[in-house]
Amino acid sequence: MSNKQVNSVKALLYIFKAAPGSFALMALMGLLNGAFSIVSVWATERIFSHIQAGYSSGLFSALAVYAAVFVLSAGYSVWYIRYHVQFYAIMDFEGKIRRMLHGKSRRISNEELETPNAYAFIRQADGSRQHLFRYGQIYVEAAMALVQAVMIASYVSLFHIWFVAFLPLSIVPSLLKLLYNSLLWKRSYETVTQCKREEAEYEKAITDEIACKETRLTGAATLLSEKWRISREKRDAIENRKLKRMFALRLGLSAIECIGSIGGFVVSVFLLFTGKVDLASFTAGVAAYSSLTTILSGFASTVGNETQYRRMIQPFFRYWNMPERGGHVENCSFEQSVTLSDVCFAYPNQTGNALNGINLTLNKGETVAIVGENGAGKSTLVSVILGLYRPQSGRVCYDGIDISTVNESVLHRRQSAVPQNFCRYKMTVGDNIVLGDFTKSDEVDVVKRISSIFPDGGVTRDTLLGKEFGGRELSGGQWQQLSCARGFYKDNDFVVLDEPTCAIDPLREKAIYDQFREELLGKTGIIVTHRLGAVQLADRIIVLQHGQIVESGTHKQLLDAKGLYATFWSAQVEAYNE
């Protein structure tokens with residue numbers, strides 16, 4: 001996974017493309033606000049000009065214009081900034097980005113998700129998502145502030161050029177202060193972020209519903225609290241050093257800001273008393289100078305935040321640039337066989353292959369059991385067969401078609417699977433089942449499967465699961481049976497079961513095997529299991545060791561061979577007989 005940072009141009013092109021209307025309106029409103037400032041200065045000059053010349057109808061016109069500008073500026077602040085941006089533009093933008101993230105998550109290569117910290121990157125991407133709009137807003141606001149400043153300064157300079165002579169002394173200190181703050185933030189960002197992650201993990205271990213039970217049993221809460229304290233104190237120390245350095249800098253820069261502000265006013269007074277400008281120009285110039293310093297300070301603040309926000313949006317683009325699963329073939333059948341030829345697979349950043357030179361053919365209507373020790377490569381093998389992982393070498397073909405060329409959504413429509421790490425959807429029982437194939441509508445089948453899982457009743461299609469939402473909590477075995485029901489509800493001729501009974505008690509296991517036998521009738525099936533009782537369902541057994549197929553045959557053939565499978569079988573039989 002690349003850590004290369006996305007530059008500002010590419011980031012802005014992406015952001016503006018996501019919501020062009022919002023940012024175009026932002027730029028337009030910025031120009032209008034600049035126009036309001038120009039008209040306000042003009043109206044101020046006209047009001048005092050009419051006062052100098054004596055009261056006239058022109059005075060009331062100028063006052064009306066000034067009042068109108070005041071109302072429009074207030075409307076801009078209330079309607080656009082406080083209402084439109086907060087309650088529409090940001091929410092609309094984040095909704096679009098969320099949908100883009102959901103689409104991206106379906107296209108990312110599964111091998112890439114095995115990269116260390118991949119899911120941490122995904123969580124960071126979701127967190128940085130909310131900074132994207134602000135990053136685009138920074139550039140639009142900075143550009144509009146600069147345009148406004150140029151417009152007002154150009155207009156005021158018509159009164160006298162010395163009105164804008166001290167402007168740099170008002171703006172440069174603010175800019176230096178923010179740039180220095182960004183530098184300090186950049187230096188400490190990684191350390192502070194790591195401390196925050198550690199704090200979150202330690203706190204979760206102490207307070208999380210599941211983790212805190214174990215920490216109470218082990219008495220580790222005290223140790224975890226101490227680790228949390230150390231991490232928090234480390235972060236506080238960094239933040240305090242930053243604050244002290246910024247305080248010292250502000251003291252020096254405040255003097256320069258005062259010189260700029262006082263100098264501008266003194267020059268304005270001097271121009272008035274020497275007759276270089278009249279009272280009207282003086283009043284308008286002072287008002288404009290105040291407006292300019294506010295605009296330029298805002299510009300400096302905006303520019304100063306750019307570095308921080310650019311850093312904060314990087315996780316999003318790191319996620320967005322994660323490699324995607326390819327495949328363009330839109331047709332895939334399974335009428336004859338699945339064939340693996342010299343398949344090798346290795347997980348990212350790990351030495352050695354998880355699978356080595358796998359050659360295997362699964363024939364139509366055949367049920368194959370895959371057994372082996374932990375880490376032998378059983379789950380990896382079925383993931384490669386399902387097309388969830390692509391082998392580094394070799395080919396996986398369905399009826400002669402290399403599935404690496406097949407569109408993933410087309411490929412998975414042909415498969416039903418019960419994964420080892422199944423999902424516990426906090427939805428209704430019925431919804432948990434129909435998620436297996438939401439295009440299918442068979443309520444009779446849904447009710448039948450619910451009755452099979454909960455023969456004692458008390459659970460219906462509409463029973464909500466998950467106590468987080470006030471629903472019912474199930475046992476691990478019931479959740480696994482629900483996962484199996486979901487997998488079989490999707491009616492396909494190719495079924496993969498990865499440890500489908502690991503959480504189910506032995507008394508219930510026999511009934512589950514009988515159900516599997518019925519469900520697999522006439523279908524091609526793969527069963528990955530540690531419990532060798534499941535091999536009774538298989539026409540053939542594959543034994544894996546260190547990512548290689550070391551034995552293959554029927555139950556009787558493998559027992560007669562007295563190899564690794566026979567050793568597994570003897571060990572389990574002895575364990576049950578003791």
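Position 1 is the first residue of the sequence, and the numbers go up from there.
- With sequence neighbours left out, the salt bridge (Lys or Arg N to Asp or Glu O under 4.0 Å) criterion links Arg390 to no other residue.
- Legend: residues meeting side-chain contact (heavy atoms from CB on, under 4.5 Å) with His84, ordered by chain and number and at least two apart, are Leu25, Trp79, Tyr80, Tyr88, Ala89.
- Rounding to the nearest 0.5 angstrom, the gap separating the CE atom in Met151 from the OG atom in Ser37 is 8.0 Å.
- Ion pairing between a basic and an acidic side chain is recognised when a charged N comes within 4.0 Å of a carboxylate O; Glu239 and Lys242 show such pairing.
- Every residue meeting the ring pair (Phe, Tyr, Trp, His ring centres under 6.0 Å) condition with Tyr139, not counting sequence neighbours, appears here in chain and number order: Tyr135.
- Remark: Tyr202 engages no residue in a ring pair (Phe, Tyr, Trp, His ring centres under 6.0 Å) (not counting sequence neighbours).
- Contacts of Thr428 classified as side chain to side chain donor-acceptor pair (under 3.5 Å), with partners at least two apart in sequence or in another chain: Asp431.
- Scanning for side-chain contact (heavy atoms from CB on, under 4.5 Å) contacts around Glu233 gives Arg229, with sequence neighbours left out.
- Contact check for Ile108 versus Lys104: side-chain heavy atoms found under the 4.5 Å cut-off.
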Donor-acceptor list for residues 141-148 side chains, cut-off 3.5 Å, not counting sequence neighbours:
unit_1	atom_1	unit_2	atom_2	d
Glu141	OE1	Arg134	NH1	3.2
Glu141	OE2	Gln137	NE2	3.2
Gln148	NE2	Gly30	O	2.9

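- Judged as a ring pair (Phe, Tyr, Trp, His ring centres under 6.0 Å), and not counting sequence neighbours, Phe36 has no contacts.
- Under the salt bridge (Lys or Arg N to Asp or Glu O under 4.0 Å) criterion, Lys234 pairs with no residue, sequence neighbours left out.
- In this structure, the side chains of Trp320 and Met100 come closer than 4.5 Å at one or more pairs of heavy atoms.
- Every residue two or more places apart in sequence or in another chain was checked for a ring pair (Phe, Tyr, Trp, His ring centres under 6.0 Å) with Tyr66, and none qualifies.
- With sequence neighbours excluded, no residue satisfies salt bridge (Lys or Arg N to Asp or Glu O under 4.0 Å) with Arg424.
- Taking Glu94 as the reference, Arg129 meet the salt bridge (Lys or Arg N to Asp or Glu O under 4.0 Å) condition, with sequence neighbours excluded.
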